[in-house]
Amino acid sequence: MHLYVKHATLINNCYPEKEGEKGPRSSELSYLVFYASSRPVKLTKVGLFLEKKVERDIAKARKQNNQVSLEIIKALIEACHRDLNLFSKYVVKIIDMMLETKDIEIIDLACQVFVVFTNHHDGSTLGVDAELTSDYELLLKKFAGFCAFENTDEILKLQMMYIGQRALQAAVASVALQASNFKVQLDLILSPLIIALSKSKNPANALAQSSNEDIDMQQSVIGHETLNAHDVEVLAAKTTSLLFSKANGAAVKLSLGPLFTFMDAEGKWWPSHFAVAMMELALDSLQPQYRYLLVSEVLQQLETSTKSSGANYIMEKHASLVSILDTILNANIPLVGISVLEVLNSLFTHLIKSVQEGHTFDKQEKPTESLAYAIQHGLVHSIGGLASQTYYLNQLNDITGFIISKLRVGNVALESVEGLPIIEYRRVVLKCLDCVTIASSNSEKEAQKEDTESSNENTPVYTNTVTMDAWVPALGLLLDPASETRVDFAITLVHYLEATSENEIALEPYPKHTLNQHGDILLVNALHQSIVDWIQLPNIEVHDITAIYKILASLTHKFGADGTIKAVPLVFKIQSLVKTGVITNTARQRAVAAIVVEWLLMVAEFYRIDSLIQYAGELKNKRIELDEYSPIFLLEAECDESTFDALEPDNSTPVDKFVDRKYVVETLSKDGPLRDEDDTEGSELESKLLVEWGSEASVNHDRTFRIRTSRNLSDLKAKLATPWANAEVNNTEPGKKQTIRVDNLKEALLGQIQPTGGSSLQSLTNTCLSKRPNETISDMSSLLQSLSLGTDASNTTSLVNPPYK
């Protein structure tokens with residue numbers, strides 16, 4: 001009957017008559033394509049006829065006809081892709097039937113047709129046509145099954161896996177992916193991809209970034225001589241990357257679900273290499289506005305995990321999730337939209353919980369506590385990573401303020417916080433504060449380096465560091481009853497001061513005044529007072545002495561000349577505590593007095609003052625000879641003893657050789673680069689250095705550390721540029737549009753000709769514009785008089801009453 005139907009005749013004519021001929025007959029195929037493209041309504045009948053024919057040919061094992069049928073469908077899709085929906089369901093059914101032939105050549109050709117089909121299919125009929133939707137999902141499931149194909153023939157196994165991965169990538173690249181039920185397609189596609197990547201020896205993110213190994217989707221597996229397992233892995237990684245790149249906000253959570261489920265089912269959480277690599281792949285692939293959702297999903301996994309599967313399993317999962325967070329937050333990729341303080345609070349809460357579970361917070365890894373160490377220090381490093389990216393202007397101050405508030409400064413009677421001893425609790429918090437300080441300073445230096453290397457001179461440089469006054473509320477820890485807490489906080493503060501100090505600040509010919517902000521002065525004053533009180537504590541230990549010296553040295557490195565000048569009265573105040581007998585223990589006396597000598601040596605070397613180096617060195621040697629010098633600063637390694645009595649049990653020699661303040665002040669004033677350019681004799685500097693610490697003169701001296709400028713502020717005021725003030729405008733040039741001057745406008749209004757000498761209004765304008773900024777207006781009455789419209793007293797013209805009638 002079909003012999004009398006034109007489309008059936010045209011289709012049948014495309015098949016070769018002789019056995020062994022490959023491909024359809026070209027002229028007849030061209031005619032069929034022309035017929036179908038010019039009569040789109042016939043495409044449905046063409047598709048139905050091809051489906052029936054393929055079904056018969058498969059049943060009779062006509063391999064040649066099946067290959068021709070696929071070529072015909074491919075040609076029709078490419079020529080009639082605008083009307084693809086008219087016969088798309090027949091295409092899906094034909095491809096599905098071809099996959100059942102178990103013939104590698106037909107299956108490969110069917111995969112090529114599927115690639116062409118997905119490239120043109122917009123998915124508008126998916127979800128509308130239930131039959132098409134079901135057939136399409138079944139087809140995806142079959143291709144997904146090829147990704148895990150098993151056979152004793154390794155070549156056939158690789159070919160089938162390659163075909164499956166090609167088809168899945170085509171499905172992901174298609175617009176139809178999100179046109180219907182995204183979750184169903186995602187479950188079918190993502191699982192085989194994850195399985196393939198989990199078996200690879202290479203990290204998934206590294207495979208996805210293999211730019212020199214781009215896979216040609218049109219390349220047939222037949223004759224692919226270089227095909228190997230690595231090609232399949234690269235294809236799977238690139239498909240996964242493409243899938244994440246097309247995910248929107250809601251799809252991110254759906255995309256991560258199968259990954260978490262797979263790692264739960266297969267126990268792939270630890271070691272964390274696979275989980276971290278997969279999340280790095282997702283981070284690199286996601287659109288920038290959705291990257292922050294990775295942090296939210298991982299934190300949710302931490303919240304919802306329970307101990308039902310065993311404590312060790314949960315520890316492995318927690319350690320892996322923390323490693324993922326650590327990687328994401330320290331990846332130097334901005335997470336636009338992240339809620340910084342909410343994430344910070346969540347990270348800190350999990351950190352405290354990890355310590356509460358009986359795992360002591362240790363600074364060094366122990367073999368028996370490797371998982372606990374990975375969790376605790378991974379969370380600390382994640383908090384530091386959160387501070388390494390700037391998302392709003394005052395972010396670092398907010399993070400620092402949040403962590404300092406957790407220190408519970410001022411609660412002397414507090415013995416425990418959240419079930420932890422106060423000392424251990426503060427050790428954890430201070431570690432977080434230290435990590436935030438280091439991470440923020442490193443990121444700031446990198447940003448400044450990039451701005452410096454930038455070729456654009458107009459690129460603004462934004463500094464976003466922790467301000468000095470943010471540390472003031474925490475200075476109370478320097479007087480904490482626990483020596484460990486005092487020292488830990490001091491070391492954290494030293495790290496901050498050193499990290500934010502300028503390089504080579506001491507090598508300039510004249511001092512650079514850096515202590516000119518109110519918050520800086522506030523911190524330095526409070527810190528000096530805390531040092532005086534700290535050094536008089538009854539339970540001060542050996543490590544406190546080294547911490548005090550480090551703080552004094554870091555203040556000089558941070559503020560240069562200003563920090564040194566302010567520290568001189570403090571240092572000699574510390575010496576007076578020994579000299580006057582306020583500090584009675586001889587071992588403590590020697591240690592405290594050694595701080596002064598060591599600080600002088602540091603200052604002398606910092607400013608390269610040879611005479612001071614020689615003086616301090618000789619004094620140090622004399623004390624050593626007389627057993628008046630503490631061995632704290634003589635040991636190359638850090639001292640293991642904590643108490644002074646244990647450090648020097650047999651030495652009771654008091655300090656008798658003290659630093660001569662007059663000589664030190666004179667040396668710093670004459671030989672050191674501390675005096676200003678206008679202080680040629682150094683008398684002003686000498687008066688500052690001789691001020692007694694804590695006196696009224698010292699308070700007045702603090703007032704001199706303010707923002708100073710040598711510029712005339714009136715020069716910075718905005719001025720009106722008036723290049724036309726004294727210029728004469730010539731409007732007589734031919735072809736040039738005439739402009740209206742003030743005189744012309746007045747002439748039109750007054751109806752009379754004004755003198756060419758210029759009006760009083762013009763003279764007032766010129767006078768005001770030519771006035772120097774420093775001159776003041778002499779008299780208001782003269783200003784009002786100059787507003788007169790004319791010099792003719794008989795002129796009664798008014799601005800209120802018009803001159804015309």
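Everything numeric here is computed off the predicted structure, so don't read it as measured data. We number each residue from 1, following the sequence as shown. Quick note: numbers below take in every heavy atom, side chains included, and nothing from hydrogens, waters or symmetry partners.
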Which atoms form the tightest heavy-atom contact between P192 and L168, and what is the distance?
-> CG-CD1, 3.8 Å
I375 and S354: which non-hydrogen atoms are nearest, and at how many Å?
-> CG2-CB, 3.9 Å
Honestly, is K141 close enough over Y136, meaning NZ or CZ under 6.0 Å from the six-membered ring centre and within 45° of the axis?
-> no
Would you indicate whether K45, at its atom NZ, is surrounded by more than 12 heavy atoms from other residues, nucleotides or ligands within a distance under 6.0 Å?
-> no
Side-chain ion pair, [X] and [Y], N-O less than 4.0 Å:
{"X": "K183", "Y": "D187", "answer": "yes"}
{"X": "K199", "Y": "E233", "answer": "no"}
{"X": "K317", "Y": "D264", "answer": "yes"}

Can you see whether [X] engages [Y] through a side-chain donor-acceptor pair at a distance of less than 3.5 angstrom?
{"X": "D108", "Y": "Q112", "value": "yes"}
{"X": "S241", "Y": "S285", "value": "yes"}
{"X": "Y15", "Y": "S69", "value": "yes"}
{"X": "S124", "Y": "D122", "value": "yes"}

Across all chains, not counting sequence neighbours, the ring pair (Phe, Tyr, Trp, His ring centres under 6.0 Å) partners of F114 are F143
Heavy-atom donor-acceptor pair, S320 side chain to E316 backbone, under 3.5 Å = no
Are L329 and L347 side-chain neighbours, meaning at least one heavy-atom pair lies under 4.5 Å?
-> yes
Between D284 and Q209, is any pair of side-chain heavy atoms under 4.5 Å apart?
-> yes
Where do D135 and K89 land on the salt bridge (charged side-chain N to carboxylate O under 4.0 Å, His left out) test, with the steps shown first?
-> CA-CA 8 Å; D135 291 341; K89 66 178 181 179; over 6 Å; no
For E55 and K93, run salt bridge (charged side-chain N to carboxylate O under 4.0 Å, His left out): C-alpha distance rounded to whole Å, both residues' side-chain angles, the deciding distance at 0.1 Å, then the answer.
-> CA-CA 10 Å; E55 187 176 359; K93 288 181 178 180; over 6 Å; no
What donor-acceptor contacts under 3.5 angstrom involve side-chain atoms of residues 76-84, with partners at least two apart or in another chain?
none

